[in-house]
Each structure stands twice: as C-alpha cells, then as structure tokens.
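Residue numbers start at 1 and run along the sequence shown.
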Amino acid sequence: MLRFLTGLVFLISIFLFFSVYISPEFFPYAGLLTLLIPPLLVVNATFLVLLILAGRKLALVPLIAIIIGWKFIGITFQLNSIPEKPEGLSVLSYNVHLLNYTKEGQDRKTVTQNITKWLQDNPSDIKCFQEFYQDYTTPSRNAIKALATDQGYEYSYQVIDGNIKKRSYGMAIFSRYPIINEGRVFDTRKNNGVIFADIKVGKDTIRIYNAHLESMSIPSEGLSDLDGIKENYRETLRKLKNGQVVRATQLGVLMEHMRNSPYANILVGDFNDVPYSYTYFSLRKIMNNAFEKAGRGFGFTYNKVLFFLRIDNIFYDDILEIKSFKTHREVDYSDHYPISATFSWEKPLRKVQIQDAD
C-alpha cells in the first residue's frame, strides 16, 4: 500500500510540476491544479522522512520528486540578505485600491490621508499604481497633484473609466526622471490593463510596464468560515478558471509588446496569479523575478483573508542587476501590500532581445 501511495503521489507531482507550462487557453483547469503543488511538496517531504526512518530504498522516489520540484521551493520562500542602503534606480509597485480601502471601524477620509502621506514620503524614483483614483473636483482627492506635481514627479496616467477632467480611475506611473514616451498595451474597460512609460535615466532609457491582469474575483470574505467555503467554492472555482484563461490571452499581448520594446524592460504590477501558474512561469522564462533574486521570507502580498497569496511581482531583464527587494507588509492601507526593488546596470544600457517562451 505504501509503495502504491508513494508512486501515485510521485506521478501526480511530476504532472503538476510540468503543468505550469500548459496554457489555460488549451487546458482551462491547468491553473487550478497547480495550486496543489505546495501541499504535494510537503507530502513528498513527509514520505521521504518516513521511508528513510523505515530504511526503505523507496525513499528515492519522493527524493527525486523534491529534486525535480525544487524550483517551486525557491519561488515560495527566500532567504536573501537585505542591504541597508541599496543604491540605484528604485521602483515601487502598489495596487492602491482607489486610495480608499477601509476595514471595520476605519474612516475612509483618514485612510486616504494615511496612504497619501505614506506615498509622499516613499523615496522611490519610479512609482507604479494599479487601481489609481483621480478626482480633480475635490482638492483632498487630487492624487496627481499630491503625489506627482507637488513632489516633483513626472507622470503618465492612463484612464480606464470615468471623466478624465473630473473623476476617473486607471493606472499611473510617476517618475523622478523624464518620461519621453507613454502608452497602453491594452485595457479591459473594467479595472485591468497594462500601460508603459519610457523613462530617461541619464544617458540611458528604460521601459517600465505597469500591469494589472484579469482579476481572480475571489469572494474572500465569503471564504472566511466553513459555511462560506461550502456556499462559495463552486463559484470561486469557476472564476478562478475563467480568470486563468483571460490572463493567458492578456499575457500573449503583453509579451509580444515587450519583444518589440527598443529598451530594457522592467515589468511590475498586480498579476492576479500565484507563482505556480502559466502566467508566472511564462514571464520567468524571459525575465528575472525580483522576489526570487533578492526577496526574503514568503513575500505574501495579499491583505485579505487569503493572506498566503503572492500575486504582486516585479520582473526585469537580464541586463539589469537587482540590489534589493522588499514587500512592505507594514503598510496595510490597501488590500495589497506595496513591493519595491532597486536596480543598477552597466552603462551603456543595451537592449536584450526577448525570445519566445514557447
């Protein structure tokens, strides 16, 4: 029986380890199955210990599974050292939840003031925001004035919905350095999309992509207890499956745009996908992930019931060297935590051709 279970877990593990390369466009449930990778690694580790203690040669089977799936451990947890004062180009990414995320007992105006003050004080050279809200009719809600104009930043604000002269929301990139070009890769006319800005840093130019891919739309409040899980799990699975398919399509558009970029790329944002996904692994094949190279701990970025999700990321081209990465878990003004990284590079900065991930 133990031999059968060990073999079964091994076969399932191997299938799931390679399923991250299968597009949900062709197999919609691939993205859901990969969520089982972390517990399967734990099961394999448990089998390995038990079989070693029992003196069974069968221990080689879970050992091989762990070796093959080792990359998922590095994706999940890191122990990189954290430099005190990293020097270079600093980049911040933050889903700000329209600058008005409140929890029970909190005042919306106070929350807006707090998050605005934190963003003003943050020294990052480039600040990228998803779910950015702009209100020209109310001075206290004029985020562009408070966070860009008054702070000496140039900005690129791409409206997704609303009246651009009054109230609107969309995505924004703020920069201490000159923005010489800007645009959008796509938007869904809901709350998602990808924008870019070409930023002149000295004699070099870097393209910054700010992404907010299709939302998972998880009813997290409804999953906070057993009754809620029973009531909502089917709807949650359906939304997860549909979101995986849409993100795969969006990813194809984004990667084609990055291939045609004349500059080195930094890609940041809310990807609405866990590290064990087709989205993550497709990007990981052509770019480095800042958390993996310079992060520490688990790096969870979701500030709700499902706190164990890392769905916000910073990716960057090989030519750039990462100096630091941080998940700002002390900042709970949104349903996401901000993340930041610092980069340096050898001059002159050269464009590295992105190859197909297929």
Side-chain angles (χ1 to χ4, degrees), residues 74-96 118-119 121-130 147 153 156 171-177 179 194-199 201-202 204-213 254 258 261 263-271 273-275 279-280 283-284 286-303 309-331 334 336-347 349 352 354:
I75 285 171
T76 304
F77 184 82
Q78 284 291 340
L79 281 175
N80 295 296
S81 59
I82 306 297
E84 288 188 10
K85 295 182 179 180
E87 295 184 357
L89 181 73
S90 52
V91 181
L92 174 77
S93 177
Y94 195 5
N95 183 326
V96 294
W118 187 85
L119 292 172
D121 292 342
N122 183 276
S124 296
D125 299 315
I126 298 171
K127 302 177 182 181
C128 300
F129 303 118
Q130 307 89 45
L147 301 177
Y153 284 76
S156 171
M171 305 180 68
I173 299 173
F174 294 174
S175 172
R176 290 189 189 276
Y177 298 96
I179 296 176
V194 178
I195 67 173
F196 72 92
D198 296 334
I199 297 175
V201 183
D204 295 304
T205 302
I206 292 180
R207 175 163 287 184
I208 303 293
Y209 284 93
N210 182 12
H212 188 199
L213 300 188
L254 170 60
M258 289 196 297
S261 167
Y263 309 114
N265 300 320
I266 296 176
L267 167 65
V268 313
D270 173 6
F271 294 84
D273 233 335
V274 296
T279 298
Y280 189 93
L283 291 170
R284 190 176 184 265
I286 62 172
M287 305 179 84
N288 296 308
N289 181 268
F291 168 78
E292 291 186 50
K293 297 296 183 180
R296 191 172 182 86
F298 289 100
F300 300 142
T301 64
Y302 195 54
N303 184 24
L309 299 178
R310 180 165 71 85
I311 57 179
D312 302 82
N313 285 283
I314 297 176
F315 292 91
Y316 62 97
D317 281 348
D318 279 335
I319 195 170
L320 300 170
E321 180 182 354
I322 189 163
K323 295 297 185 179
S324 68
F325 175 86
K326 182 176 181 180
T327 303
H328 300 264
R329 290 184 59 84
E330 74 280 5
V331 182
S334 171
H336 292 249
Y337 295 112
I339 56 176
S340 62
T342 303
F343 300 95
S344 66
W345 58 88
E346 296 293 328
K347 297 180 181 289
L349 193 59
V352 178
I354 295 177

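Looking at N80, its side chain does come within 3.5 Å of a backbone N or O of G295 through a donor-acceptor pair. Between the side chain of T301 and the main chain of D312, a donor-acceptor pair closer than 3.5 Å is present. In terms of modelled atom types and a separation under 3.5 Å, the side chain of K127 and the main chain of Y153 share no donor-acceptor contact.
In this structure, E87 places its CD atom where only 12 or fewer heavy-atom neighbours from other residues, nucleotides or ligands lie under 6.0 Å away.
With values rounded to the nearest 0.5 angstrom, K293 atom NZ is found 6.0 Å from Y316 atom OH. N303 contributes atom CG, which lies 11.0 Å from atom CG of N95 (distance to the nearest 0.5 angstrom). Of the inter-residue distances, the one linking I126 atom CD1 with I206 atom CD1 reads 6.5 Å to the nearest 0.5 angstrom. In this structure, D204 CG and E346 CD are separated by 11.0 Å, a value rounded to the nearest 0.5 Å. For the atom pair I208 CD1 and S175 OG, the distance stands at 8.0 Å (nearest 0.5 Å). For the atom pair CZ of R176 and OG of S90, the computed distance is 7.0 Å after rounding to the nearest 0.5 Å.
Between I314 and F291, the closest side-chain pair of non-hydrogen atoms is not below 4.5 Å. For the pair W345/V201, a side-chain contact is recorded, criterion being any heavy-atom separation below 4.5 Å from C-beta on. Counting heavy atoms from C-beta outward, R284 and E292 have side chains that approach closer than 4.5 Å. With contacts defined as side-chain heavy-atom distances shorter than 4.5 Å, the pair L283/L267 qualifies. Counting only heavy atoms from C-beta outward, the side chains of I339 and K326 never approach each other to under 4.5 Å. Between P83 and K323, every side-chain heavy-atom pair lies at or beyond the 4.5 Å cut-off. Considering only heavy atoms from C-beta on, Y209 comes within 4.5 Å of S261 through its side chain. Considering only heavy atoms from C-beta on, C128 stays 4.5 Å or farther from M171 through its side chain.
Shown here for F325 and A290, the closest heavy-atom pair between the two residues is CD1-CB, 3.5 Å. Shortest non-hydrogen contact noted between I179 and S156 is CD1-N, 3.9 Å. The two atoms that bring I195 and A172 nearest to each other are CD1-N, 3.9 Å, heavy atoms only. The two residues D125 and G88 have their closest heavy-atom pair at OD2-O, 3.5 Å. Closest approach of G269 and N210 over heavy atoms only: CA-OD1, 4.3 Å. Across G74 and Q78, no two heavy atoms sit closer than the pair O-NE2, 2.7 Å.
Ring-plane geometry between F174 and F129 is classed as perpendicular, the angle between the planes exceeding 60 degrees on a 0 to 90 degree scale with a lower cut at 30. Between Y94 and W118, the ring planes lie perpendicular to each other; the angle is over 60°, past the 30° to 60° tilted range.
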Trace of the side chain to side chain contact (heavy atoms under 4.5 Å, CB included) decision for T327 with F300:
CA-CA 8 Å; T327 303; F300 300 142; over 6 Å; no
Please determine whether side chain to side chain contact (heavy atoms under 4.5 Å, CB included) holds for the pair I286 and M258, giving the CA-CA distance in whole Å, both sets of side-chain angles, and the decisive distance to 0.1 Å.
CA-CA 10 Å; I286 62 172; M258 289 196 297; 4.1 Å; yes
Given side chain to side chain contact (heavy atoms under 4.5 Å, CB included), test L349 with L320 step by step and report yes or no.
CA-CA 8 Å; L349 193 59; L320 300 170; 4.0 Å; yes
Check step by step if side chain to side chain contact (heavy atoms under 4.5 Å, CB included) holds for L119 and L92.
CA-CA 10 Å; L119 292 172; L92 174 77; 4.1 Å; yes
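Under the side-chain hydrogen bond (donor to acceptor under 3.5 Å, both in side chains) rule, R207 has a single partner from D317, N265, D198, which is D198.
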